[in-house]
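Report on one structure; see the data block that follows.
Keep in mind that the numbers below use all heavy atoms, side chains included, and drop hydrogens, waters and symmetry copies. Computed from a predicted structure; not experimentally measured. Heads up: numbering here begins at 1 and tracks the sequence.
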Amino acid sequence: MTRAANSLSPPRRGRSYAAQVAGEVLTQWGARLGLAWIGLLGFLAVFAPFLANSHPLLLSQDGQLDSPLVRYLTPADVTLLALFFTGLILALARASLRTWLGGLGGMLFLAGTLSAALVQPPALTIYEQYRQQEAAGQYDWVVYAPIPYSPKDYQRDRGETGLQPPLASPQEDHWFGTEENGADVLARMVHASRIALGIGFIATSIALGLGILIGGLMGYFSGAVDIIGMRLVEIFEAVPTLFLLLTFVAFFERSLYLLMVIIGITSWSGYARYVRAEFLRLRQQDFVQAALACGLPLYSILFRHMLPNGIGPILVAASFGVASAILAEAVLSFLGLGLVDDPSWGQMLNQAVRSSTFNWWMAAFPGGAIFLTVFAYNLVGEALRDAIDPYLKKSLK
């Protein structure tokens, strides 16, 4: 911690190490742009049902107000909204990192459990009934979402059952065109941001957890544990990740959660190497020897004293890992081995060349979203590395 903390200049009294690193990161324009794009994706992911939906936000029928959109919210929608507002309250309260982790973790468990038990949207979803009833004049007034289409609304009542370029006719309002089944591309891209962020964060969290646990034990105990751990790392690094992903997907059911787990368990070896190197260095430091002499339990030495002092380089690797996980899911979906029904940027990219013609809008918009997201995570990762690495800062002076 001391080596990294001394690299940050000028030191300010009363600021934590995390706050100093965050301040250094935010001085770079690339990191600001990257964080702005990731923040925009997070906003789209949380409020996707309110931004792109065929169900009206609010309507009045015979003087009675109704909100079909709220009735069709899923447990995942409710959980994401609860996490967002919990994070907003913690940000306004300027909570510490430990309070953030505890607050979001507790809310994730509480909101996930309660919403799974209490929130039950209708099993049968019919999108065109609202359009037909509005055309028949059965509503006093109707308020739709800014993008009045759901990602699985194939609009067969409007005869739009195939690929159409953006704004194909003056009467059309599909700004990004439609895909091969007639669904609005912009609506699918908004909801697909959930897939991208979920795959990136959860798969990286799984890989990070495995890497910290295995790498920490290797670095702390060394000897036989280190030898066995390194052989395990070399085995996983020798197997091509894409080949292993294709094998898993071919034998098991395709689901979002399975993809997260598969990407996570195939990506932990790099983190284990980082943690092992940091723990081998920290193992000889005086504060670790003092903790050993005091007889502190192993988990306290590993996770309360050593890990916080070596987490900086691991976070840099994790920011690049999120981008790699998003790319892995996009590649699988582009090859037709990803999610079947849920919208995904890679799946939409696949439709650009599926027919006899090149459908440019199916390549430009999903491909641009993948590029910008991966680029944003790389910008943040590079800024974080510059803020943490003291040797790099000295070389730039």
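- In this structure, the side chain of H55 does not engage the main chain of R71 through any donor-acceptor pair within 3.5 Å.
- When all heavy atoms of G200 and I326 are compared, the pair lying nearest together is CA-CG1, 4.1 Å.
- The CZ atom of F221 sits 6.5 Å away from atom CG of L302, with the distance rounded to the nearest 0.5 Å.
- Side-chain contact between Q61 and D66: absent, with no pair of heavy atoms (C-beta onward) separated by less than 4.5 Å.
- Side-chain N or O atoms of S67 include one that pairs as donor or acceptor with a backbone N or O of L57 at under 3.5 Å.
- Side-chain atoms of W268 never come within 3.5 Å of backbone atoms of V233 as a donor-acceptor pair (strictly under, hydrogens ignored).
- A pairwise comparison of heavy atoms in A187 and I147 identifies CB-CG2, 4.1 Å as the closest pair.
- Nearest heavy-atom pair, V185 versus F176, reported as atom, atom and distance to 0.1 Å: CB-O, 3.5 Å.
- Counting only distance, with no hydrogens or angles, the side chain of T266 and the backbone of I263 share a donor-acceptor pair below 3.5 Å.
- Distance check, rounded to the nearest 0.5 Å: CE of M348 to CZ of R188 gives 6.5 Å.
- With hydrogens and angles ignored, the 3.5 Å screen pairs no side-chain donor or acceptor of T86 with any backbone N or O of L104.
- Residue L59 belongs to a hydrophobic cluster whose other members are Y72, Y130, Y139, V142, Y144, with links defined by side-chain heavy atoms closer than 4.5 Å.
- Enclosure of atom OH in Y274 is not indicated, since only 12 or fewer non-hydrogen atoms of other residues, nucleotides or ligands lie within 6.0 angstrom.
- A donor-acceptor pair under 3.5 Å is absent between the side-chain atoms of S60 and the main chain of W141, judged by distance alone.
- The only option from R231, R273, R276 that meets the salt bridge (charged side-chain N to carboxylate O under 4.0 Å, His left out) definition with D226 turns out to be R276.
- No side-chain donor-acceptor contact under 3.5 Å links T204 to the backbone of F201.
- Within the 3.5 Å criterion, the main-chain N or O of D62 finds a donor-acceptor partner in the side chain of D140.
- One finds no salt bridge joining R131 and E134 here, because no Lys/Arg side-chain nitrogen approaches an Asp/Glu carboxylate oxygen to under 4.0 Å.
- With contacts defined as side-chain heavy-atom distances shorter than 4.5 Å, the pair F287/L282 qualifies.
- For P121 against P75, the heavy-atom pair with the smallest separation is CD-CD, 4.4 Å.
- Counting heavy atoms of neighbouring residues, nucleotides and ligands inside a 6.0 Å radius, atom CZ of F109 does not exceed 12 of them.
- Annotation for Q64: atom CD does not count as buried by contact number, only 12 or fewer foreign heavy atoms lying within 6.0 Å.
- Proximity of a side-chain donor or acceptor of N359 to a complementary backbone N or O of M362 within less than 3.5 Å is not detected.
- When all heavy atoms of E180 and Q351 are compared, the closest pair comes out as N-OE1, 3.3 Å.
- Put simply, CD1 on I212 and CG on L217 are 11.5 Å apart, with the number rounded to the nearest 0.5 Å.
- Between T79 and G112, the shortest heavy-atom contact is OG1-CA, 3.7 Å.
- Annotation: ring-ring contact (aromatic ring centres under 6.0 Å, His included) contacts involving residues 30-51, sequence neighbours excluded, comprise F43-F47, F47-F84.
- Within the hydrophobic cluster formed by Ile, Leu, Val, Met, Phe, Trp and Tyr side chains joined at under 4.5 Å, directly or through other members, I227 stands alone, with no partner residue.
- Applying the 6.0 Å contact sphere to CH2 of W29 captures no more than 12 heavy atoms from other residues, nucleotides or ligands.
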